[in-house]
Peer 1: 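After the structure tokens below, expect a handful of questions from me.
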Amino acid sequence: MKFLKVNINTAAPSDPEAAILLIYTGGTIGMVSDKEDNHLVPFDFSEVIHRVPEMRQFRVMLTVLSLDPPIDSSNIGVEHWIKLAQLIQVNYQEYDGFVILHGTDTMAYSASALSFLLENLGKPVIFTGAQVPIGRMRTDARRNLITAMEIASAYRTGKPLVPEVSIFFNTVLLRGNRSTKVESRHFNAFHSGKYPQLAKAGIDIEYNPSVILPAPAQPLRVYQELESQVAVLKLFPGISPSLIEAILSAKGLKGLVLETFGAGNAPTYPWFLKLLREAVDRGITILNVSQCEEGEVHQGQYETSFYLKEMGVLGGSDISTEAAVTKLMFVLAQKLTSQEKASILEQDLRGEMTRRI
């Protein structure tokens, strides 16, 4: 995996207001129609200034790194998240903000993963993309890119307005590890039902400082490892014992995100509880997450979740599935005791959950 530095054919301002690193990984935002057969193909990112001439109005020093070759976000994996974190670490002192162009399908996972890998982040890391390719007439790519760059370079009295990992899409800025993709046919692709918007872009960009993470006092710490041996099990009425057993007995499984009903409720069938208890006894960490988009887990509130808490299943509060998966990957990769990992998983680390269970 390699990133190429792309030369942008525009004169840099003599007194730039900020330095921005733009990282292009792939996705719809960087696609144009091939002239011969009209198929969508990645365009040469050195031409981005011609596709988005409004970028010339920014008084910023802009550098672009492009993944070679670009990839569809469906192919994004742990190694890409680690590489993105390393790129930010290497360039952290040189730039005021970072914009990551990414496909929409897995953007919420990537933003969540980066939030955990980048501890004490004190600068903006803004993910954005597009529903319509930049080469199409009705594209949303230009608006998303321009606004993400504006947010990434927004400082007041020398301090960034948004010192955290976030997603800007359509008109809203959302915390990255609170976001979920909810639309594939409309421009408002992302939603954050369990947490307020960080900012809204209209004629002006209106920030909501009361819900934005404060700038940290400690220096940036970048983690280099994630544990990929995790799985997601979504419960549904009539789910078979053999299916659950197959997932829980998967070779090398270290952690499981258990998507339960309502406030964290699950079946109380003896065979179901037996399989979960055996998995916990084998050292598999299970994190209980509500299937409801705006739900919150309260283990023990009902009898159907009391047994989960009693056997050692951890409560995920109002964390999203995307954040739960990447948080599990992050915590399980740390050299900690099982008790320490369990405690950290039930705590808010980067604003991904509202409270400690």
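Predicted, not measured: the structure shown is a model, and the values here were computed from it.
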Peer 1: Check whether any side-chain heavy atom of Asn177 lies under 4.5 Å from a side-chain heavy atom of Ile319, and answer yes or no.
Peer 2: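 A side-chain contact is absent here, since even the closest heavy-atom pair is not under 4.5 Å.
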
Peer 1: Under a 4.0 Å N-O cut-off, is there an ion pair linking Lys200 with Glu206?
Peer 2: no

Peer 1: Is there a path of hydrophobic side-chain contacts, each under 4.5 Å between heavy atoms of I/L/V/M/F/W/Y residues, joining Val162 to Leu213?
Peer 2: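 No, no single cluster joins them.
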
Peer 1: Is Glu352 close to Lys194 at the side-chain level, that is, under 4.5 Å between some pair of heavy atoms?
Peer 2: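 Answer no - side chains too far apart.
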
Peer 1: Please tell me whether Tyr223 and Phe330 form a close aromatic pair, meaning their ring centres lie under 6.0 Å apart.
Peer 2: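 Distance test on ring centres: under 6.0 Å, yes.
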
Peer 1: Enter the distance from Tyr307:OH to Tyr269:OH here, rounded to the nearest 0.5 Å.
Peer 2: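 These two atoms lie 14.0 Å from each other.
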
Peer 1: Any chance you could measure Asn188, atom CG, to Lys181, atom NZ, to the nearest 0.5 Å?
Peer 2: 11.5 Å

Peer 1: Which atom names give the shortest non-hydrogen contact between Thr106 and Ser73, and what distance separates them?
Peer 2: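 Here Thr106 and Ser73 meet closest at OG1-O, 2.7 Å.
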
Peer 1: Would you say that more than 12 heavy atoms from the other residues, nucleotides or ligands in this model lie under 6.0 Å from the CZ of Arg138, or not?
Peer 2: no

Peer 1: Using side-chain heavy atoms (C-beta onward) and a distance below 4.5 Å, is Ser317 in contact with Val297?
Peer 2: no

Peer 1: Under the side chain to side chain contact (heavy atoms under 4.5 Å, CB included) criterion, do Thr180 and His191 qualify, and how do the steps go?
Peer 2: CA-CA 6 Å; Thr180 298; His191 187 217; 5.7 Å; no

Peer 1: Return yes if some donor-acceptor pair links the side-chain N/O of Gln197 with the main-chain N/O of Leu173 below 3.5 Å, else return no.
Peer 2: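 Answer holds: no.
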
Peer 1: Using atom types as modelled and distance alone, determine if a side-chain donor or acceptor of Gln299 lies under 3.5 Å from a backbone N or O of Val313.
Peer 2: yes

Peer 1: Determine the minimum heavy-atom distance between Ala130 and Asn144, stating which atoms define it.
Peer 2: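 Looking at all heavy atoms of both residues, the shortest contact is CA-ND2, 4.2 Å.
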
Peer 1: Where the side chain of Asn288 meets the backbone of Gly264, is there a donor-acceptor pair that is under 3.5 Å apart?
Peer 2: yes

Peer 1: To check you understand the geometry: which heavy-atom pair defines the closest contact between Asp140 and Val132, and what is its length?
Peer 2: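 Between these two residues, the closest heavy atoms are OD1-N, 3.0 Å.
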
Peer 1: Under a single-linkage definition using a 4.5 Å side-chain heavy-atom cutoff for Ile, Leu, Val, Met, Phe, Trp and Tyr, are Leu121 and Tyr155 assigned to the same hydrophobic cluster?
Peer 2: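 No, because Leu121 and Tyr155 fall into different hydrophobic clusters, even though each may have its own neighbours under 4.5 Å.
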
Peer 1: For residues Thr25 and Leu84, determine if any side-chain heavy atom of one lies less than 4.5 Å from a side-chain heavy atom of the other.
Peer 2: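 Sidechains of Leu84 and Thr25: in contact.
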
Peer 1: Does the side chain of Glu322 come under 3.5 Å of the side chain of Ser179 through a donor N or O and an acceptor N or O?
Peer 2: no

Peer 1: Output, in order, the C-alpha distance, side-chain angles, deciding distance and verdict of side chain to side chain contact (heavy atoms under 4.5 Å, CB included) for Leu349 and Lys327.
Peer 2: CA-CA 9 Å; Leu349 296 182; Lys327 186 176 184 178; 3.9 Å; yes

Peer 1: Which atom pair, heavy atoms only, marks the closest approach of Ala231 to Ile247?
Peer 2: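 Taking Ala231 first and Ile247 second, the nearest heavy atoms are CB-CG2, 4.3 Å.
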
Peer 1: Nearest 0.5 Å, please: how far is CD1 in Ile88 from CG in Leu118?
Peer 2: 5.0 Å

Peer 1: Can Glu278 and Lys274 be said to form a salt bridge (charged side-chain N to carboxylate O under 4.0 Å, His left out), step by step?
Peer 2: CA-CA 6 Å; Glu278 289 174 349; Lys274 178 176 181 290; 2.6 Å; yes

Peer 1: Looking at every non-hydrogen atom in both residues, tell me the closest pair between Pro160 and Gly122 and how far apart they are.
Peer 2: CG-O, 3.2 Å

Peer 1: Picking from Phe169, Phe127, Phe190, Tyr109, what satisfies ring pair (Phe, Tyr, Trp, His ring centres under 6.0 Å) with His102?
Peer 2: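 For His102, the ring pair (Phe, Tyr, Trp, His ring centres under 6.0 Å) check succeeds only for Phe127.
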
Peer 1: Compute whether any side-chain donor of one residue and acceptor of the other, for Thr354 and Arg178, lie under 3.5 angstrom apart.
Peer 2: yes

Peer 1: Arg282 side chain to Leu248 main-chain N or O, any donor-acceptor pair under 3.5 Å?
Peer 2: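 Looks like yes, one N/O pair under 3.5 Å.
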
Peer 1: Enter the distance from Leu117:CG to Gln89:CD here, rounded to the nearest 0.5 Å.
Peer 2: 10.5 Å

Peer 1: Could you state whether Val90 and Leu114 fall into the same hydrophobic cluster, counting links through intermediate Ile, Leu, Val, Met, Phe, Trp or Tyr residues with side-chain heavy atoms under 4.5 angstrom apart?
Peer 2: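 No: no chain of side-chain contacts under 4.5 Å links Val90 to Leu114.
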
Peer 1: Say whether Val182 and Met107 are linked into one hydrophobic cluster, either directly or through other cluster members, by side-chain heavy-atom distances under 4.5 angstrom.
Peer 2: no

Peer 1: Just by distance, do the side chain of His186 and the backbone of Glu183 share a donor-acceptor pair under 3.5 Å?
Peer 2: no

Peer 1: Verify the cluster assignment for Ile20 and Leu4: are they in a single hydrophobic cluster under the rule of side-chain heavy atoms below 4.5 Å apart?
Peer 2: no

Peer 1: Using atom types as modelled and distance alone, determine if a side-chain donor or acceptor of Arg175 lies under 3.5 Å from a backbone N or O of Val211.
Peer 2: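 Checked: pair present.
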
Peer 1: By the definition side chain to side chain donor-acceptor pair (under 3.5 Å), identify the one residue from Gln347, Lys341, Gln339 that meets it with Ser343.
Peer 2: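 Testing Ser343 for a side chain to side chain donor-acceptor pair (under 3.5 Å) against Gln347, Lys341, Gln339 leaves exactly one candidate, Gln347.
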
Peer 1: Would you kindly check if the NZ (Lys) or CZ (Arg) of Lys123 is within the cone defined by 45 degrees around the ring axis of Phe98 and under 6.0 Å from the six-membered ring centre?
Peer 2: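 No, a cation-pi geometry is absent between Lys123 and Phe98.
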
Peer 1: To the nearest 0.5 Å, what is the distance between OH (Tyr195) and OG (Ser320)?
Peer 2: 13.5 Å

Peer 1: Less than 4.5 Å apart, any side-chain heavy atom of Phe272 and any of Ile239?
Peer 2: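 Not touching, per the 4.5 Å side-chain cut-off.
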
Peer 1: Do Leu220 and Glu119 have side chains that get closer than 4.5 Å, going by heavy atoms?
Peer 2: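 When only atoms from C-beta onward are counted, Glu119 and Leu220 do not touch, as no gap falls below 4.5 Å.
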
Peer 1: Does the pair Val280 and Ile284 meet the rule for a side chain to side chain contact (heavy atoms under 4.5 Å, CB included), with working shown?
Peer 2: CA-CA 5 Å; Val280 172; Ile284 296 175; over 6 Å; no

Peer 1: Could you tell me if the side chain of Tyr24 sits less than 4.5 Å from the side chain of Pro70, heavy atoms only?
Peer 2: yes

Peer 1: Which value, rounded to the nearest 0.5 Å, describes the distance between Asn91 atom CG and Gln86 atom CD?
Peer 2: 11.5 Å

Peer 1: Can a side-chain donor-acceptor contact be found between Tyr95 and Thr63 if the only test is distance below 3.5 angstrom?
Peer 2: yes

Peer 1: Hey, which of Val60, Ile126, Val99, Leu161 is the one that makes side chain to side chain contact (heavy atoms under 4.5 Å, CB included) with Ser153?
Peer 2: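 It is Val60; the other options fail the test.
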
Peer 1: Begin with the C-alpha distance, continue with both residues' side-chain angles, and end with the deciding distance and a verdict on side chain to side chain contact (heavy atoms under 4.5 Å, CB included) for Val78 and Met329.
Peer 2: CA-CA 9 Å; Val78 167; Met329 289 179 168; 4.1 Å; yes

Peer 1: Are side-chain N/O atoms of Ser66 and Asp68 paired as donor and acceptor at under 3.5 Å?
Peer 2: no

Peer 1: Do Thr260 and Gln291 make a side-chain contact, defined as non-hydrogen atoms from C-beta onward lying under 4.5 Å apart?
Peer 2: no

Peer 1: For Pro241 and Trp271, which heavy atoms make the closest approach, and how far apart are they?
Peer 2: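 For Pro241 and Trp271, the tightest heavy-atom pair comes out as CA-CZ3, 3.4 Å.
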
